[in-house]
Amino acid sequence: MFERAPIGITVIETASRLIVDANNRFAEIVGRSVAEVIGLDWADITHADDVATNFTETAQLLAGGSGEFTLTKRYLLPGGAPVWVDMWVVALDTDLAGRRRHLCMIEDITERRREVLELAESERRYRLLADNVGDVVLLFRDGLIAWVSPSVTQLLGYLPEHLIGNRTIDWIHPDDQAVVLANRELLMLGTQIWVRARHLRTDGSWLWIEYNSRPLTGDNGAPDGSAVSTMWNVQAEVEALERLQHAESLRLAAEARSQRQARLESLGALAGGVAHDFNNLLAGILANAGTAVAELAALDAAPAVFARGLLEQIVTSTERGASLTRRLLDYAGDRPAPIPQAIPLGATLGRDLEVIAPALGAAIRLDLHVDSDVAAVWCDPADWHQIFSNLVINAAEAFDGNPGTVQVRASLIGAGASVLFEVIDHGRGMVTADAARVFEPFFTTKIFGHGLGLAVVFGVVQANGGTIELQSQFGEGTTVRVVLPACELASEAPQPTTERSSEPAARQHSARATATFGDTIILVDDNDDLREVCELILERHGLKVVAVSGGAEAIQVVQRAPHEFGLALVDMSMPEMNGTDVVRALRQIIPGLPSVVMTGYSSTDVKHQLREVEVDALMEKPFRPDDLIRIVSELLGRVSDE
């Protein structure tokens with residue numbers, strides 16, 4: 001019966017698309033022998049314009065859809081000429097190897113397509129096909145539903161008789177109607193269309209439907225205002241696509257945050273390096289200027305008084321520059337480790353607002369709300385004040401002198417493990433590009449801003465184990481969210497580990513008690529200008545100094561006469577040996593040698609290294625000559641007393 005069938009029949013392995021069996025009629029239709037057909041990929045003998053449609057239908061079949069579909073398509077004869085067929089595809093049971101197969105029944109309609117068919121015959125044929133497939137088939141005439149297959153009830157819940165004579169636009173989601181109407185115009189002009197839209201079901205829900213509509217033609221071959229549409233459920237596909245898009249948006253957002261974090265960390269490293277180099281320059285300027293001021297102080301002549309005034313201005317400007325580098329170091333994380341405490345927000349925020357209220361102006365109203373379950377935030381008090389004041393003052397300035405309200409909110413998040421602190425304004429806001437850069441040093445949207453306020457806040461928030469983010473929209477305002485560890489008041493707050501063994505200090509004191517120190521200072525610094533001015537300052541105060549440019553040279557000098565030296569004054573950052581290495585080496589020669597380290601960094605890591613070798617003092621650059629003399633004198637005097 002398979003071989004005698006008047007229609008072409010073939011069996012296809014669904015996944016691989018290979019033809020595994022075919023009758024003579026099928027081979028005849030496609031212009032080949034049965035032997036030539038077996039083993040072919042159906043896509044290889046299908047017209048290129050029809051492959052995608054065939055793929056879509058077969059993929060749904062493979063995914064376990066309705067189990068059958070119909071399709072009008074073109075096969076290609078060996079010479080490349082097309083042959084039109086109506087195809088009905090039905091899913092079969094799997095073969096012995098477990099492979100899925102489907103049966104294709106095709107009818108050659110090439111000749112029929114060359115003739116002008118009566119509209120009734122077209123309707124009869126499509127109705128015959130529609131009544132035997134799970135998809136919904138509709139026939140439109142003059143924009144109204146003239147006929148619909150019974151499967152519409154299963155898809156949307158409507159009975160066919162309730163839809164005939166109505167417009168489909170009446171049950172399409174309002175947001176999708178414009179697209180449907182635009183495509184319908186193309187359909188009436190003779191163009192086949194594919195459209196996805198949400199359709200209203202009888203239970204009130206919306207279902208994503210995709211339909212393929214083709215125009216029908218009259219006796220003259222021109223579109224006659226009629227069309228046939230095939231509809232099917234694509235809700236699962238749309239939901240899967242939405243999940244993919246959501247996941248992709250989350251991935252892109254995470255990637256953007258990662259890139260922004262990496263950029264800020266890179267800028268932090270750059271800022272720290274620049275600040276260190278500037279500190280070295282400023283240290284030389286401040287030391288020289290301070291020394292000159294001290295020298296001129298003894299002179300009463302007018303030129304000396306005038307010059308002293310100029311030098312004092314240089315000292316002041318240098319100290320302002322040092323303040324700027326300290327801000328950079330705060331941003332870069334090169335700052336003393338925070339000493340967190342339990343800060344009760346309910347009471348603290350009110351006091352903080354009272355303190356900064358005069359700086360905000362009379363036009364700004366402050367709206368404070370702390371959730372009742374918020375006890376305290378775990379943060380260094382000085383850092384907290386810097387975070388709070390910077391954010392609230394920035395929010396007030398966003399109103400450009402106009403009346404406005406700054407909202408301050410505190411709430412628990414993360415099952416109570418963290419406090420979310422929000423500062424909200426409805427001021428001028430920022431464009432997206434500016435909002436993405438607000439935590440970069442020296443970036444500012446203010447005319448007279450220095451661009452370090454939020455950069456420093458970023459650094460101190462991270463140093464206290466928190467996170468910060470900013471959202472802003474131009475013309476609508478800005479919201480800054482800071483997340484810091486939450487804690488209870490009193491003893492339940494986590495305590496930082498600050499204790500360390502006193503054994504190294506005891507060993508050092510013992511070494512000093514038994515050692516004999518000289519009165520000469522070994523000064524080690526690779527910066528020629530700073531080394532020379534420090535040597536000058538110390539010698540002008542009657543102190544003996546041997547100045548060298550590196551650790552190796554210092555070791556050689558001390559080894560030659562260890563009994564002469566009583567103090568080491570060492571720079572922290574040097575190319576061959578850093579300050580702690582030099583101190584260790586010198587103490588191998590002179591046990592317990594008092595030591596002072598000078599540094600342009602003030603990071604926790606640096607201070608940890610200094611604690612490891614038990615240095616006696618740390619001098620942060622730049623420093624005044626008086627500070628240098630005071631520390632050196634105290635240490636030399638203390639050694640003498642011991």
Side-chain angles (χ1 to χ4, degrees), residues 49-50 52-57 59-61 65-66 68-73 84 86-89 109 113 117-173 175-202 206-218 222-235 237-238:
D49 292 345
D50 299 334
T53 303
N54 209 153
F55 272 156
T56 301
E57 299 287 358
Q60 292 186 13
L61 192 69
S66 63
E68 59 182 36
F69 67 87
T70 60
L71 186 67
T72 297
K73 61 178 279 187
W84 282 92
D86 276 341
M87 183 168 66
W88 182 22
V89 180
I109 60 168
R113 287 184 63 86
L117 298 177
E118 294 292 337
L119 181 59
E121 177 62 20
S122 298
E123 291 181 9
R124 185 198 65 78
R125 185 172 70 254
Y126 283 112
R127 180 174 300 176
L128 176 64
L129 293 172
D131 285 343
N132 289 280
V133 296
D135 295 337
V136 178
V137 178
L138 301 96
L139 179 65
F140 294 95
R141 188 178 292 118
D142 298 325
L144 301 177
I145 300 173
W147 177 86
V148 59
S149 64
S151 51
V152 72
T153 304
Q154 182 179 357
L155 186 66
L156 298 173
Y158 301 99
L159 295 174
E161 55 267 29
H162 293 158
L163 298 176
I164 294 174
N166 293 314
R167 304 181 309 162
T168 57
I169 199 69
D170 295 332
W171 34 291
I172 290 177
H173 195 285
D175 293 346
D176 302 332
Q177 289 182 2
V179 174
V180 172
L181 291 173
N183 277 274
R184 183 169 295 172
E185 292 294 327
L186 295 174
L187 180 65
M188 292 300 99
L189 293 174
T191 302
Q192 181 176 345
I193 62 169
W194 293 80
V195 180
R196 280 189 178 183
R198 285 161 288 183
H199 287 59
L200 182 65
R201 304 185 67 185
T202 54
W206 294 97
L207 185 70
W208 276 101
I209 297 293
E210 181 168 315
Y211 55 91
N212 174 21
S213 300
R214 287 168 287 183
L216 300 177
T217 58
D224 64 359
S226 302
V228 63
S229 293
T230 304
M231 305 171 54
W232 57 91
N233 181 356
V234 292
Q235 182 72 30
E237 183 180 341
V238 170

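Basis for what follows: all heavy atoms, side chains included, without hydrogens, waters or symmetry-related copies.
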Give the minimum heavy-atom separation between [X] and [Y], together with the two atoms involved.
X	Y	result
Ser149	Val136	OG-CA, 3.4 Å
Gly190	Pro223	CA-CG, 3.7 Å
Ile209	Val234	C-CG2, 3.8 Å
Ala146	Arg141	CB-NH1, 3.7 Å

Does Glu161, at its CD atom, have more than 12 non-hydrogen atoms belonging to other residues, nucleotides or ligands within less than 6.0 Å?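 Yes, because the 6.0 Å sphere around CD of Glu161 holds more than 12 heavy atoms from other groups.
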With sequence neighbours left out, write down each residue that passes side-chain contact (heavy atoms from CB on, under 4.5 Å) with Asn233, or none if nothing qualifies.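 In terms of side-chain contact (heavy atoms from CB on, under 4.5 Å), with neighbours along the sequence ignored, Asn233 is linked to Leu155, Leu207, Gln235.
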Do the side chains of [Y] and [X] get nearer than 4.5 Å, heavy atoms only?
X	Y	answer
Lys73	Thr53	no
Met231	Val152	no
Val89	Glu68	no
Val228	Val137	yes
Arg214	Thr72	yes

Could you walk me through whether Leu216 and Phe140 satisfy the side chain to side chain contact (heavy atoms under 4.5 Å, CB included) test, starting with their C-alpha distance in whole Å, then the side-chain angles of each, then the deciding distance to 0.1 Å, before giving a yes or no? CA-CA 9 Å; Leu216 300 177; Phe140 294 95; over 6 Å; no
Hey, could you give me the [atom1]/[atom2] distance between [X] and [Y], rounded to the nearest 0.5 Å?
X	Y	atom1	atom2	result
Met87	Leu71	CE	CG	4.5 Å
Glu57	Thr230	CD	OG1	8.0 Å
Arg196	Asp176	CZ	CG	12.0 Å
Asp142	Ser226	CG	OG	6.5 Å
Thr168	Arg184	OG1	CZ	4.0 Å
Trp206	Ile172	CH2	CD1	9.0 Å

Please answer whether the main-chain N or O of Tyr158 pairs with a side-chain N or O of Thr153 as donor and acceptor at a distance below 3.5 Å.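 Yes, the answer is positive, given that a donor and an acceptor are paired below the 3.5 Å cut-off.
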Return yes if some donor-acceptor pair links the side-chain N/O of Glu210 with the main-chain N/O of Trp194 below 3.5 Å, else return no.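 Checking the backbone N and O of Trp194 against the side chain of Glu210, no donor-acceptor pair under 3.5 Å is found.
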Show, in sequence, the C-alpha distance, side-chain angles and deciding distance for Trp232 and Gln60, and conclude whether the side chain to side chain contact (heavy atoms under 4.5 Å, CB included) test is met. CA-CA 10 Å; Trp232 57 91; Gln60 292 186 13; 3.2 Å; yes
Given Leu138 and Trp147, is the side chain to side chain contact (heavy atoms under 4.5 Å, CB included) satisfied, shown in steps? CA-CA 6 Å; Leu138 301 96; Trp147 177 86; over 6 Å; no
Give the intermediate values and the outcome of side chain to side chain contact (heavy atoms under 4.5 Å, CB included) for residues Thr56 and Phe69. CA-CA 11 Å; Thr56 301; Phe69 67 87; over 6 Å; no
